[in-house]
Amino acid sequence: MRDEDREEAARLRERMSALASPVTRDRRRRRTPTWVWAGWVVLVAFTGAVGAGVVLAREDLVAAWPPAGRLYTTFPFLVTESHAGPLVALDVESSEIVGTGGRQRMNLVIRMTNMTSDEQPAPIAVIHLLDGHGKDVRTERIRLANEPPLGPKETRQLGLQLNDLPPGLEKVRGEAGTDDAH
């Protein structure tokens, strides 16, 4: 072998070892820009904050936007056991005024949802009869004594009928009550 060939082979070996070197490979690899990592951190933090708000600020969310109450009855796992809200949620599914004149009655379908992992007794149904401006015209408290207890995370529908409705009634709202509320 000639000296020139040996020198060429040595240079090739040197280049090959440089290419295989981890330091050289790290220099050549593209790094993810810092702004991409910052974007991921912001996205994860925002998603976590929204999720925590949905679980922990249930009462405030439902007070600000009442249709959100259906979110908690549809997905009961969103309700933590330690929250101070009702153990059983009660919503009015549908209402219908039947009859004419002074003998009107209202047919209601309510939905009760046990928000806990324990069996709960059926609540007292508190039905608010509202005028066109959302002001209480009359409140009815109905004890659901014949209803069996609700099992853990159970949802049940129930039909109710209210007689002798006040004039000017346009809306209805329901909630679960307790024995001590008057």
Side-chain angles (χ1 to χ4, degrees), residues 43-182:
L43 178 66
V44 169
F46 177 76
T47 304
V50 168
V54 166
V55 172
L56 299 175
R58 174 180 182 252
E59 290 81 18
D60 295 333
L61 184 62
V62 172
W65 188 46
R70 291 186 186 262
L71 173 76
Y72 295 100
T73 56
T74 303
F75 301 106
F77 61 85
L78 292 175
V79 179
T80 59
E81 297 292 331
S82 62
H83 81 297
L87 301 176
V88 177
L90 187 139
D91 293 313
V92 175
E93 288 280 309
S94 66
S95 62
E96 173 188 34
I97 297 178
V98 180
T100 57
R103 300 296 295 168
Q104 291 183 331
R105 69 179 189 273
M106 179 179 281
N107 296 326
L108 297 170
V109 176
I110 62 170
R111 179 178 58 191
M112 301 179 293
T113 303
N114 181 355
M115 307 300 269
T116 69
S117 298
D118 301 318
E119 188 175 89
Q120 297 294 327
I124 294 175
V126 180
I127 307 297
H128 300 280
L129 304 174
L130 310 171
D131 64 10
H133 302 290
K135 182 180 173 196
D136 262 351
V137 175
R138 186 167 84 197
T139 299
E140 296 282 340
R141 294 176 54 81
I142 304 167
R143 183 176 295 279
L144 305 171
N146 295 336
E147 280 296 305
L150 291 161
K153 307 289 185 187
E154 179 185 357
T155 297
R156 186 182 307 158
Q157 287 186 333
L158 178 67
L160 297 176
Q161 188 176 66
L162 300 177
N163 296 314
D164 301 323
L165 299 176
L169 176 66
E170 290 190 25
K171 300 177 186 176
V172 64
R173 180 174 52 90
E175 62 185 7
T178 59
D179 287 329
D180 59 337
H182 297 285

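Sequential numbering from 1 along the given sequence is applied to the chain's residues.
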So [Y] and [X], do their side chains get closer than 4.5 Å, heavy atoms only?
| X | Y | result |
| --- | --- | --- |
| Leu108 | Leu158 | no |
| Leu129 | Arg173 | no |
| Leu162 | Ile142 | yes |
| Leu130 | Val137 | no |
| Pro149 | Gln120 | no |

Before you tell me yes or no, could you show the steps for Gln161 and Asn107 under side-chain hydrogen bond (donor to acceptor under 3.5 Å, both in side chains), namely the whole-Å CA-CA distance, both residues' side-chain angles and the distance that decides it to 0.1 Å?
CA-CA 5 Å; Gln161 188 176 66; Asn107 296 326; 3.1 Å; yes
Does the [X] side chain pair with the main chain of [Y], one donor and one acceptor, at a distance under 3.5 Å?
| X | Y | value |
| --- | --- | --- |
| Thr113 | Met115 | no |
| Asp131 | His133 | yes |
| Asn114 | Gly151 | yes |
| Arg105 | Glu96 | no |

Working to the nearest 0.5 Å, report the span between [atom1] of [X] and [atom2] of [Y].
| X | Y | atom1 | atom2 | result |
| --- | --- | --- | --- | --- |
| Arg138 | Ile127 | CZ | CD1 | 12.0 Å |
| Glu119 | Lys153 | CD | NZ | 14.5 Å |
| Asp91 | Glu175 | CG | CD | 10.5 Å |
| Gln157 | Arg111 | CD | CZ | 7.0 Å |
| Leu150 | Asp118 | CG | CG | 12.5 Å |
| Ser95 | Ile110 | OG | CD1 | 12.5 Å |

Between [X] and [Y], what is the shortest heavy-atom contact and its length?
| X | Y | result |
| --- | --- | --- |
| Val88 | Pro121 | CG2-O, 4.1 Å |
| Pro148 | Arg156 | O-NH1, 2.8 Å |
| Pro123 | Ala176 | CB-CB, 3.8 Å |
| Val92 | Gly174 | CG2-N, 3.5 Å |

For Thr139, give me all partners under side-chain contact (heavy atoms from CB on, under 4.5 Å), at least two apart in sequence or on another chain.
Val126, His128, Asp136
By side-chain contact (heavy atoms from CB on, under 4.5 Å), which residues pair with Glu170, not counting sequence neighbours?
none
